[in-house]
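Here the structure is a predicted model, which means the values were calculated and not measured. Sequence lines set the chain letters: A, B, ... in the order given, protein chains first and strands last, and positions in each chain run from 1.
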There are 4 protein chains.
Amino acid sequence: MTTATPKPAEDRQEDSSSPEPSDTVSAETRPRRRSPAKRNAAVTRQRILEVAMAEFAEHGFSGGRIDRISAAADVNVSMIYHYFSNKDDLYLAALEASYKIIRDREKTLDVADANPRQALKALVELTFDFLSTDSYFVRLIMNENLMMGRMVQQSATIPHMTRPLLDSLRTILKSGQKANVFRKNIDAENLYVSILGLCFIHVSNRYTLSSMFQHDFSEPEWLAKRRLVVVDVVTSYVANVKAK
Amino acid sequence: MTTATPKPAEDRQEDSSSPEPSDTVSAETRPRRRSPAKRNAAVTRQRILEVAMAEFAEHGFSGGRIDRISAAADVNVSMIYHYFSNKDDLYLAALEASYKIIRDREKTLDVADANPRQALKALVELTFDFLSTDSYFVRLIMNENLMMGRMVQQSATIPHMTRPLLDSLRTILKSGQKANVFRKNIDAENLYVSILGLCFIHVSNRYTLSSMFQHDFSEPEWLAKRRLVVVDVVTSYVANVKAK
Amino acid sequence: MTTATPKPAEDRQEDSSSPEPSDTVSAETRPRRRSPAKRNAAVTRQRILEVAMAEFAEHGFSGGRIDRISAAADVNVSMIYHYFSNKDDLYLAALEASYKIIRDREKTLDVADANPRQALKALVELTFDFLSTDSYFVRLIMNENLMMGRMVQQSATIPHMTRPLLDSLRTILKSGQKANVFRKNIDAENLYVSILGLCFIHVSNRYTLSSMFQHDFSEPEWLAKRRLVVVDVVTSYVANVKAK
Amino acid sequence: MTTATPKPAEDRQEDSSSPEPSDTVSAETRPRRRSPAKRNAAVTRQRILEVAMAEFAEHGFSGGRIDRISAAADVNVSMIYHYFSNKDDLYLAALEASYKIIRDREKTLDVADANPRQALKALVELTFDFLSTDSYFVRLIMNENLMMGRMVQQSATIPHMTRPLLDSLRTILKSGQKANVFRKNIDAENLYVSILGLCFIHVSNRYTLSSMFQHDFSEPEWLAKRRLVVVDVVTSYVANVKAK
DNA sequence: GATGAATGAGACTTCATTCAT
DNA sequence: TATGAATGAAGTCTCATTCAT
């Protein structure tokens, strides 16, 4: 699985062709360009955004530093303001971009035709992997909640992005119920909250849990076991069963 | 259920009479000062600490303001430095004091024998209610995790507090398995993490979830429904069943 | 009376056809460029200048914004620097251009012979109307004075423009004194200053006066009354009278 | 006549007694205090305010620099924010303080019993002297008007302060009319505006007028002549006369 | 023990200006 | 001639912290 960590835009080709071209003679008459040869607004904006996601995830909103972002993104501080107006807006953009990543990933799920049990399992595993692999998204969301949703409340896109997810889940549930493998009366929203809770807790509470149980909750082996349990919990819940 | 919020020091009397108690001579030579000077060191210190707990729980470490604390505690800013040296130390002191409150509260838990299904249900509901009723504890834990367990790692007492809980859970599981109502091979620690996750998520992520799904996740009616679901999820998972 | 506000360049044709006019050959060899490049240097420069006049009149020198000017003139910021080097120079250019407009306007005055009382009244009313109708001129003058005449001191043409006005006033006074309707020993310069002060104050101090007296000093009804008072004050002063 | 320039608080007694007291021996054990020995909130606040009046008068609001103010007032920048919250509020305080100075001065006039002609003359001369002696008040007001009264509109005290002035003027007018030396139907507000205009113009427009008429409008001799003219203009206007 | 006044570093933000094409 | 991207200095403001009494 690919990680969700902010990374440079794939389609960037820093000085791929221009510096030191074939014509070696003219190279001297032409002025020497400094490293980020071809600056481009969209690329720069994206670079700032990705760095900001990491910065705010690591230090929170008040702890996040514009200076650090500008240094890491290798741009002048003013560019941040040029593209994002102010710290609040930059933070919100980072938050929205993070949500977009997971929501986009969810769209890759094949919800319609598959075996519904398999589809649900895929959704759970995708969520688990996304949150566990890199904690930046989890930290960003924890931060936002500690701020009592000050910024998320101003976002129109975040509720909007949730729609398809809920739709997918409902489709899966309906198809499973039609096939008689899922029980009736499952609230899709509540189910999603359960999935999220099961996939979130060991990341969000990694340090306190590690301390409580005296072992590292980010160890791959432990995560692998946990992943099985989470899928088991969810599928047990939705399964159409009889008590023995 | 009573809340975990720090409360005024009225019902506490630690060293209320301690400073200079026995020395009868100096009591008369010392000039009697009228209020505001000499309020009583321990009491002032405690008041600052309690206000700091609330401040850091509400705003986190970088979001927490010394000024706000001094105003709320009704002391001069300098007093905070007099008693706690700096913001870092004050934060640590506040965190430790908070954990003490939580630990004390947990001692009231009584997860006795009863019917194992019933006992498990009681444990889940107790956890759910505890976390949902007052977000103070949840916010504190979130904060600590965002700070990467800076403080929790130094604590020897915190792992301790987990023991009894885990023991209770193991007792319940064993008894349920013996009665053939619970399936085998349930990892107690992992089960606890699941319970915690299911009970934690709508409190920790209250604001982002509210924004995503466009309704208030702290509404009593919603919480009541959620509580049923959580119990259902947990009991479905441990139940000894056959797929239909 | 028409306003003194800078207006779009439509009705102006300075050097509209000047660049390369006679050389008929080059017209065909030169490739025809489509917009936006090569808009026409003089026109662009003029547009910038006019916008700058309005900007500095409205916000003063330090309050004036290069960005706002570039946006309003619909040119890239760099163009401003291309044509005017820096903010200081642009301000000076704007000031000079403004004075030119004013000077041109004043040439339309016709303070001929007539009845001297009538002539004086006409001059006062013209001044009053000119200043009251559009505050552009007033604001510009205020600005220049706040900058301690930085620019006006360098201008040779400005003293010139005063001459005709002062001459008119002297002619009127002399004629009124000969007719025995004006008192002797009136200093023309001082009289002009008085007229200016009486006509200027409610425009220059419009906002502070409105605040002090709690009504709008730019209301037409109030201005009409004020106009009568100003004429009355001036004519009372110059009148040849006996105390009762 | 006393000047209106911001000056140190009269009742300040910088290190009047403490440094180097009589007891020469203890002088060495006692730590050396730096110059502004006894800092006092009210005094510091006042010092900041007075410096701010001068700064904003000289450079306007956007041109005014907090740094310069803090340096001139010999306080740390933060103190300015401690006492005045922000630049806007500081500016407004400076504006209000300036208005208070002239309004207080006006209150010293003996309006009731004197000869009404004399009383009016005194008011005119007071206004003239106040505005002419030091231009800081005039500049401050010009600035505010260039800002379109942005700050003055938020002041409740400024309209309030105007009341007594208007009352005084009405008292004088009524008394003069009763004594049959003033004509009827004089609007007090409009009269004040005229007085202000006559006393204001040569200060507000000092530089442009100097340039127009090619002599210095702040020369004492010229001001003395101008003062006579202004009184003459005002008294001519209110006088109860017959045309010759 | 307690207070009020003051400090300084560093945060966010703005704005005139320039660089490279 | 014209543009879009970028820069750096400096401005306003905040906040943890200390000084002097």
Side-chain angles (χ1 to χ4, degrees), chain A residues 31 33-34 36-45 62-68 70 74-83 85-88 90, chain B residues 19 33 35-45 62 64-70 75-83 85-88 90, chain C residues 33 35-41 44-45 62 64-70 75-83 85-88 90, chain D residues 30-31 33-34 36-45 62 64-68 70 74-88 90:
Chain A
R33 296 208 203 87
R34 280 172 305 295
K38 200 159 201 165
R39 295 274 171 136
N40 169 276
V43 168
T44 301
R45 200 195 121 97
S62 6
R65 292 288 172 262
I66 296 284
D67 268 18
R68 256 188 323 239
S70 87
D74 190 29
V75 293
N76 190 282
V77 183
S78 313
M79 293 315 295
I80 295 177
Y81 289 90
H82 179 68
Y83 288 117
S85 300
N86 53 44
K87 195 184 180 183
D88 278 36
L90 175 59
Chain B
R33 295 207 204 89
S35 57
K38 183 107 199 161
R39 269 203 201 152
N40 188 328
V43 168
T44 301
R45 200 195 120 96
S62 10
R65 292 287 171 265
I66 296 283
D67 268 18
R68 241 175 348 223
I69 293 170
S70 90
V75 295
N76 192 281
V77 189
S78 312
M79 288 285 66
I80 295 176
Y81 288 89
H82 180 70
Y83 287 117
S85 302
N86 54 40
K87 194 184 180 184
D88 277 46
L90 175 59
Chain C
R33 294 206 204 89
S35 58
K38 182 103 196 162
R39 270 202 201 154
N40 187 329
T44 301
R45 201 195 119 96
S62 11
R65 293 286 171 266
I66 296 284
D67 267 19
R68 251 187 326 236
I69 293 171
S70 89
V75 296
N76 191 281
V77 188
S78 311
M79 287 285 68
I80 295 176
Y81 288 90
H82 180 71
Y83 287 117
S85 304
N86 55 40
K87 195 185 180 184
D88 276 46
L90 175 59
Chain D
R30 219 181 298 127
R33 295 205 205 89
R34 281 172 305 293
K38 199 160 204 167
R39 295 275 172 136
N40 168 278
V43 168
T44 301
R45 201 195 120 98
S62 4
R65 291 289 170 263
I66 296 284
D67 268 18
R68 241 167 0 215
S70 87
D74 190 29
V75 294
N76 190 281
V77 183
S78 315
M79 292 314 295
I80 295 177
Y81 289 92
H82 179 66
Y83 289 117
F84 295 96
S85 301
N86 53 44
K87 195 184 179 183
D88 278 38
L90 175 59

If I compare all heavy atoms of D:Ile66 with all of D:Tyr81, which pair ends up nearest, and what's the gap? CG1-OH, 3.7 Å

Would you kindly compare D:Val77 and B:His82 by the position of their nearest DNA chain E nucleotide and give the one closer to the 5′ end? B:His82

With sequence neighbours left out, the residues meeting salt bridge (Lys or Arg N to Asp or Glu O under 4.0 Å) with B:Asp67 are none

Nearest heavy-atom neighbours spanning B:Asn76 and B:Ser70: C-CB, 4.3 Å

Quick one: on DNA chain E, does C:Lys87 or D:Tyr83 contact a more 5' nucleotide (nearest heavy atom)? D:Tyr83

F:dC15 C1' sits how many Å from B:Asn86 CG, rounded? 14 Å

Selection from E:dT7, F:dC13, F:dT1 that lies nearest to any side-chain heavy atom of D:Met79: E:dT7

Qualifying residues under side chain to side chain donor-acceptor pair (under 3.5 Å), relative to D:Asp88, sequence neighbours excluded: D:Arg150

Between E:dC15 (P) and C:Leu90 (CG): distance, integer Å: 16 Å

Got a minute to check which stems DNA chain F is part of, using Watson-Crick or G-U wobble pairs under 3.5 Å, three or more consecutive? E:2-21 with F:2-21

Where the side chain of D:Thr44 is defined as all heavy atoms beyond and including C-beta, which of E:dA6, E:dT13, E:dG1 is the nearest nucleotide? E:dA6

Atom CG of D:Asn40 to atom C1' of E:dT3: distance rounded to whole Å? 14 Å

Can you tell me which nucleotide in E:dT18, F:dT14, E:dG1 comes closest to the side chain of C:Tyr81? E:dT18

Any chance you could measure A:Thr44, atom OG1, to A:Asp74, atom CG, to the nearest 0.5 Å? 9.5 Å

Under 4.0 Å, counting only non-hydrogen atoms across every strand here, what does D:Gly64 touch: a base, just sugar-phosphate, or nothing? sugar-phosphate

Name the closest nucleotide to the B:Ile66 side chain, picking from F:dT7, F:dA16, E:dG1. F:dA16

How long is the gap from CD1 on C:Ile80 to NZ on C:Lys87, to the nearest 0.5 Å? 11.0 Å

Considering just the side-chain nitrogens and oxygens of D:Arg65, establish if one lies under 4.0 Å of OP1 or OP2 belonging to F:dA10. no

What is the distance from CD1 of C:Ile80 to C1' of F:dG4, rounded to the nearest Å? 15 Å

Nucleotide F:dC15, atom P - distance to CG of B:Asp67 in whole Å: 8 Å

Of the listed nucleotides E:dA11, E:dA9, E:dA2, the one nearest the side chain of D:Ser78: E:dA9

Between B:Asp88 and D:Ser62, the residue closer to the 5' end of DNA chain F by nearest nucleotide is D:Ser62

Which residue, D:Asn76 or B:Asn76, contacts DNA chain F at a nucleotide closer to its 5' end, judged by nearest heavy atom? D:Asn76

In terms of side-chain heavy atoms of D:Val75, which of E:dT7, E:dT3, F:dT17 is nearest? E:dT7

